[in-house]
Amino acid sequence: MLHSLQKQEFTHEQQHSYPGAPGCPGGGADGAAGHGDAGSHGPTGTPSATGAHNPQDVTFAQGMIPHHRQALEMARLAGGRASSGAAKDLAGRIEKAQDPEIRTMTGWLKTWGEGVPGAGGGMDHSASGHSGMPGMMGDEDMAALEKLTGRAFDHQFLTLMVEHHEGAVEMARTEQSEGRYGPAQAMAGDIVTAQQAEIREMKQMMDAKS
């Protein structure tokens, strides 16, 4: 069952190249054509084929970057601590999907002239003070996870990552309903689809271990 489910998984960058991202048509500092043209803006929540964006798009990128960074921190712990090959495989897929998305959202913010959340130094558990965002782990949760190995790590990793994914889905759905920038809404849709599938996978893994 798990093997067949994993076959259905996909990484976000495989589904979309996200126009407006660095290296894509319309990307880079000169990309997102027309984002400053008020006449090209559609109603709030309506995807725009131009580079028009609204404050929600900025909030989405500025929030999802540290959210993804914390997921990467959690995923990278799995390599030397997890006992389950399935958990390690999941962690690798999370890294493969979310690292390119961080680079893409960073490109959007720079193009828009908005601030990019700092990466911080070392294990920045609260991801630059964003621990209040949905699904974000606090210092105590991350510090406890670092100390675990084997089956205990697997259980806590899956438990925390389910919560983390659920927070990301909540943030992405807000972007889908309130954002304006087409590529950001496309990414949000991919996040909802992929992370909901991973949530189901992780819950199956936890059920199998119980």
Side-chain angles (χ1 to χ4, degrees), residues 1-14 60 62-103 105 117-175 187-188 190-210:
M1 178 68 179
L2 179 57
H3 178 69
S4 62
L5 179 60
Q6 287 175 342
K7 279 186 160 183
Q8 299 171 17
E9 295 298 318
F10 59 90
T11 56
H12 309 161
E13 74 274 12
Q14 288 174 325
F60 170 70
Q62 289 180 332
M64 196 62 78
I65 286 172
H67 204 275
H68 273 17
R69 283 179 181 147
Q70 188 177 71
L72 294 183
E73 289 182 7
M74 295 167 68
R76 287 165 183 159
L77 291 175
R81 293 172 172 81
S83 64
S84 164
K88 291 181 181 181
D89 176 73
L90 172 69
R93 284 184 277 124
I94 289 171
E95 281 196 68
K96 186 176 180 182
Q98 297 194 20
D99 194 41
E101 287 180 345
I102 290 172
R103 294 195 298 270
M105 290 184 284
M123 291 291 287
D124 184 12
H125 301 316
S126 63
S128 301
H130 292 79
S131 56
M133 289 189 299
M136 289 288 281
M137 301 299 107
D139 289 343
E140 292 182 2
D141 291 321
M142 291 295 294
L145 185 64
E146 288 179 57
K147 295 176 182 177
L148 298 176
T149 58
R151 291 175 62 87
F153 175 88
D154 294 349
H155 176 78
Q156 188 66 0
F157 170 76
L158 293 171
T159 300
L160 295 178
M161 193 62 82
V162 165
E163 182 178 346
H164 202 269
H165 272 32
E166 288 172 344
V169 169
E170 179 182 338
M171 293 164 66
R173 281 179 169 157
T174 300
E175 170 62 19
M187 180 184 287
D190 287 348
I191 288 171
V192 170
T193 300
Q195 297 206 17
Q196 282 184 326
E198 289 174 350
I199 288 168
R200 291 192 296 271
E201 178 184 354
M202 288 187 284
K203 287 182 176 179
Q204 287 181 355
M205 291 166 63
M206 287 190 286
D207 289 343
K209 291 176 178 297
S210 62

Separation between NZ of K203 and CD of E198, rounded to the nearest 0.5 Å: 13.5 Å

Would you compute the distance between atom CE of M137 and atom CE of M161 and round it to the nearest 0.5 angstrom? 9.0 Å

Considering all heavy atoms, the nearest V192-V169 contact: CG2-O, 4.1 Å

Indicate yes or no: at least one non-hydrogen side-chain atom of L148 is less than 4.5 angstrom from one of L77. no

Heavy-atom distance under 4.5 Å between the side chains of M133 and P66, does that happen here? yes

Report the distance from atom CE of M206 to atom OG1 of T159, rounding to the nearest 0.5 Å. 5.0 Å

Any side-chain heavy-atom pair of E175 and I191 under 4.5 Å: no

Nearest heavy-atom neighbours spanning A87 and M205: N-CE, 3.5 Å

Is there a donor in the side chain of S84 and an acceptor in the side chain of D154, or the other way round, less than 3.5 Å apart? no

In this structure, CD1 of I199 is separated from CD of E163 (nearest 0.5 Å) by 10.5 Å

For Q98 and A71, which heavy atoms make the closest approach, and how far apart are they? OE1-CB, 3.3 Å

Specify the closest pair of heavy atoms between A78 and A91, including all atoms of both residues, with the distance to one decimal. CB-CB, 3.7 Å

Salt-bridge criterion met for R93 and D89 (N-O under 4.0 Å): yes

Check whether any side-chain heavy atom of M142 sits under 4.5 Å from a side-chain heavy atom of M74, and report yes or no. yes

Considering only heavy atoms from C-beta outward, does the side chain of P117 approach that of R69 to under 4.5 Å? yes

With a 4.5 Å limit on heavy-atom distance, are the side chains of E166 and Q195 in contact? no

Minimum heavy-atom distance between G150 and S83, given as atom pair plus value: C-OG, 3.5 Å

Counting only N and O atoms by type, is there a donor-acceptor contact under 3.5 Å from the side chain of H67 to the main-chain atoms of P134? yes

Value for CG (D141) from NE2 (H164), rounded to nearest 0.5 Å, stands at 10.5 Å

Would you say F153 and K147 make side-chain contact, with heavy atoms under 4.5 Å? no

Between the side chain of R81 and the main-chain N/O of E146, is any donor-acceptor distance below 3.5 Å? yes

Any side-chain heavy-atom pair from M202 and H165 closer than 4.5 angstrom? yes

In chain order, what residues pass the salt bridge (Lys or Arg N to Asp or Glu O under 4.0 Å) check against R173, with sequence neighbours excluded? none

Distance check, rounded to the nearest 0.5 Å: I65 atom CD1 versus Q62 atom CD? 7.5 Å

